[in-house]
Amino acid sequence: MGHDVVVVGAGFAGSVIAERLASQLGKRVLVLDRRPHIGGNAFDEPDASGILIHRYGPHIFHTNSADIFDYLSQFTAWRPYEHRVLASVRDRLVPIPINRTTINELFGLNLRSDADVQAFYDARAEPGPTPRTSEEVVVQGVGRELYELFFRGYTRKQWGLDPSELDAAVTARVPARANVDDRYFTDTYQAMPDPGYTRMFERMLDHPRIEIRLAVDFHDVRQTLDFGQLVYTGPIDTYFDGRFGPLPYRSLRFEFETHPVAQFQPTGTVNYPDETSVAFTRISEFKHLTGQVHEATTIVREYPAATGDPYYPIPRPENRALYERYRDLAAATPDVHFVGRLGTYKYYNMDQVVGQALATFRRIADGSASAAA
Ligand code: FAD
Ligand code: UDP
């Protein structure tokens, strides 16, 4: 028997759309993923020691949208969690995003007010026209010394590009603060799915009209499938056989290690911005994120890589121009809907992907309603 819709990818984008189509429109949905599990890059599982880890790097949920939080709350309970990150700079661990504590500790100062810290930034900032690059946005805000200590090396490692070659939006994700707020995110909702992400995905996809096939690449089986519409959450250039040339992506190699101690480091993540002494960008310790109690602890180091699974679209003007050629082709392919971080080549967080998927579902629903009328 055929399916109304085939969904390629069981990550946030694909799972949200499959859930909505089945539960709200009664569609028969087939979800495919080439990996042997659901959840996409948010997949988590216990490692050999029984410690819950995120197989594709640390995932912390945060959003300002009550709608997105409420939607996901149908499928999971939450554990409140506010992520904190330290950066290893000049042999110290100091808060990142840069805040008043960072400045006082690094420069041996005793600035007491937001105004003092803002004056410190202003004295070093190099003003200019609207910042276009990841270098300009930091240097214009806090000056070159802090840029070099915290951003230049980290960014060069993470992206294989100089910050001057990347859109301003990339480093603008981590803006400096004048106060002492040391949380990594300031969103209204910050929490982790209580029994983990994978359990949340299982509940989302647990529907009699949803069939899941894992370890199957869509491109290997597409000729054998019988369906009406397609939702594609893999890389958009791959769908079109790379006909305009490959879209660049950045990958990572994850190195997991379990240590026979209860705690490895003081916060969920420690960043290592130095380019010459350390090849990885950050170390994350999962028990901080999950709240799990265990006598041992597992950490992961992230080593950026040019090849491997596509994890990050690379935000810069020439890549956007190439993506737009694929997007125009997609617009001329009406029964295929491209969604998600790879399907729309957007550096989106999980909540943004959920929001985008819900919006795409509403468009599909409106299309079915007008076709029926
Ligand atoms: P994915 O999760 O990539 O899912 C796409 C799925 O499609 C994959 O499972 C893939 O196997 C499958 N697929 C692709 N092509 C095919 C094919 N041809 N056939 C079959 N299946 C196919 N976001 C946050 O909000 N907070 C964080 O803390 C955070 N940390 C992150 C850390 C790292 C290291 C990374 C890489 C990302 C992080 N993110 C974080 C972003 C988050 O992972 C994404 O926003 C989200 O997972 C994107 O969901 P998606 O469904 O678009 O894509
Ligand atoms: N960044 C940096 N130093 C840091 C943290 C971030 O230079 O200590 C830059 C870097 O370019 C990084 C970007 O800011 O890729 C966004 O950081 P974020 O932590 O949001 O990255 P993600 O969690 O998405 O990998």
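This is a predicted model, so every value here is computed, not measured. Every number for a ligand or one of its atoms is a count from 1 in the order of the listing. All values below were derived from every heavy atom in this structure, side-chain atoms included, with hydrogens, water molecules and symmetry-related copies excluded. Counting begins at 1 with the first residue of the sequence.
The Q158 neighbourhood of ligand 2 comprises atoms 15 (O), with distances under 4.0 Å to a heavy atom of that residue. Less than 4.0 angstrom separates some heavy atom of V170 from each of these atoms of ligand 2: 11 (O), 13 (C), 14 (O), 16 (C). Ligand-side atoms of ligand 2 in range of N271: 4 (C), 5 (C), 8 (O), range being under 4.0 angstrom from any heavy atom. Atoms of ligand 1 found under 4.0 Å from any heavy atom of V353 (numbered from 1 in listed order, with element): 45 (O), 48 (C), 49 (O), 52 (O). Ligand 1 places these atoms under 4.0 Å from at least one heavy atom of R35: 8 (C), 9 (O), 11 (O). In the vicinity of T233, heavy-atom distances shorter than 4.0 Å reach the ligand 1 atoms 5 (C), 7 (O). Contact atoms of ligand 1 toward G340: 52 (O) (distance under 4.0 Å to a heavy atom of the residue). In the vicinity of T155, heavy-atom distances shorter than 4.0 Å reach the ligand 2 atoms 7 (O), 9 (C), 10 (C), 11 (O). Residue contact check: Y312 has heavy atoms under 4.0 Å from atoms 22 (P), 24 (O), 25 (O) of ligand 2.
Looking only at side-chain heavy atoms (C-beta outward), I96 and F150 come within less than 4.5 Å of each other.
Here the heavy atom of the protein found nearest to atom 30 (N) of ligand 1 is P58 O, 3.0 Å. Among protein heavy atoms, atom 22 (P) of ligand 2 sits closest to Y347 OH, 3.4 Å. Residue, atom and distance of the protein heavy atom nearest to atom 46 (C) of ligand 1 are M350 CG, 4.3 Å.
Judged by the 6.0 Å distance and 45° axis criteria, R173 is positioned over the aromatic ring of Y347. A cation-pi arrangement is present between R341 and Y312, with the terminal nitrogen or guanidinium carbon under 6.0 Å from the aromatic centre and inside a 45° cone about the axis.
A salt bridge is absent between R316 and D167: the closest approach of a Lys/Arg side-chain nitrogen to an acidic carboxylate oxygen does not fall below 4.0 angstrom. The pair E318-R320 does not count as a salt bridge, with every side-chain nitrogen at least 4.0 angstrom from each carboxylate oxygen.
Remark: distances from the non-hydrogen atoms of V216 to ligand 1 include one below 4.0 Å.
The nearest non-hydrogen atom to atom 40 (C) of ligand 1, considering only E302, H59, H54, comes from H59. Residue nearest to atom 12 (C) of ligand 2, selected from Y311, Y154, Y272: Y154 (by heavy-atom distance). Closest to atom 17 (O) of ligand 2 by heavy atom, among I60, I96, V174, is V174.
With sequence neighbours left out, Y303 forms a ring pair (Phe, Tyr, Trp, His ring centres under 6.0 Å) with F280.
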Starting from the C-alpha separation in whole Å, work towards a yes-or-no answer on ring-ring contact (aromatic ring centres under 6.0 Å, His included) for H54 and F286. CA-CA 8 Å; H54 300 174; F286 293 103; 5.4 Å; yes
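Using a 4.0 Å threshold on non-hydrogen atoms, atom 43 (O) of ligand 1 counts as touching the protein.
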